[in-house]
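Remarks on the structure that follows.
Residue numbers begin at 1 in each chain, while the letters A, B, ... track the order of the sequences.
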Number of protein chains: 2
Amino acid sequence: MAINAENVKSQMRKGYLEYCILLIISQKPMYVSDIITELKEAHLIVVEGTLYPLLSRLKSSGILAYQWQESLQGPPRKYYELTDEGRQFLAELEEGWEEIKKVVELIKNKNI
Amino acid sequence: MAINAENVKSQMRKGYLEYCILLIISQKPMYVSDIITELKEAHLIVVEGTLYPLLSRLKSSGILAYQWQESLQGPPRKYYELTDEGRQFLAELEEGWEEIKKVVELIKNKNI
DNA sequence: ATAAATACCTTGTGATACAAGGTACTAAAA
DNA sequence: TTTTAGTACCTTGTATCACAAGGTATTTAT
């Protein structure tokens, strides 16, 4: 199991994936296809097999809620939105992200 | 397995741990205790059980090399340093990190 | 009926941080 | 000379999670 840059970069992506997804959903209620599209626009590629379990976990943790909504072309969709608890949670992740940026800057500056 | 902020923040930390460790080692050859101290100073808590396997993986992937060095107080130490390949690898992670920052900014700006 | 498109979800795999515990060497105290 | 304390290295077991691959269900058009 050798280490390569792609592997590690994908590890990095993992870490902040949840944060990005919650940021996106906080815009307005969205279903899976919408979310994937938004992520793609930001150059963050995520597949269904990653998203469905993640959304389920966030739902059962009280961070997201969903409503079924009919579609004009196909089966009904699950539209996810943040709960109040979810907004608070997102604020905490916001802090976490800012802290991480600081840590990296600290280490990099020491490096010069 | 409920989701909580601490859990997710720790996931975030995971992602860029390798990057920070390589940044630190790129300063000068270091052994495990040195590395943990440096990480602590940057407010990044990592334990031995995480570090040893990670350093082994990086070594067997050709990113790090080590030299035994005697200590004045205790058993000899393994001093790790970056190989040429390791410096190239670090440069790639640098790119990955910059890209991630951009992605988050993109999503956040859209959010306003 | 059947096919195509869309949407939902599950299973199996691999990677890896961490907790906990183990081994080995050195030096100073009993 | 044995024992103890300190330091350093390493391994095993567990939990988490992204992803690949494949499956089920609904709707609409042929």
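Side-chain proximity of B:R77 to the nucleotides C:dA17, D:dC9, D:dA25 is greatest for D:dC9. Comparing atom distances between the A:W68 side chain and each of C:dC8, C:dT16, D:dA20 picks out C:dC8 as nearest.
Taking atom CG of residue B:D34 and atom P of nucleotide D:dT7, one finds them 14 Å apart after rounding to whole Å. In this structure, CD of A:Q11 is placed 6 Å from P of C:dA17, rounded to the nearest angstrom. Between A:Y52 atom OH and C:dT11 atom P the separation is 16 Å, expressed in whole Å. Atom pair A:Q67:CD and C:dC8:C1' shows a separation of 18 Å (rounding to whole Å applied). As rounded to whole Å, 13 Å separates atom C1' of C:dA7 from atom CG of A:L51. Rounded to whole Å, atom P of D:dC9 lies 7 Å from atom OH of B:Y31. Between the C1' atom of D:dC17 and the CD atom of A:E48 lies a distance of 18 Å, rounded to the nearest Å. At whole-Å resolution of the value, CG in B:L17 and C1' in C:dA15 are 14 Å apart.
Within the 4.0 angstrom heavy-atom criterion, only backbone atoms of the sugar-phosphate kind lie near A:S33; the bases stay farther away. Among the atoms of the strands shown, only primed sugar atoms or phosphate atoms (P, OP1, OP2) are found under 4.0 Å from some heavy atom of A:L72.
Along DNA chain D, the nucleotide nearest to A:L54 and the one nearest to B:S71 differ in position, and the one closer to the 5' end is contacted by B:S71.
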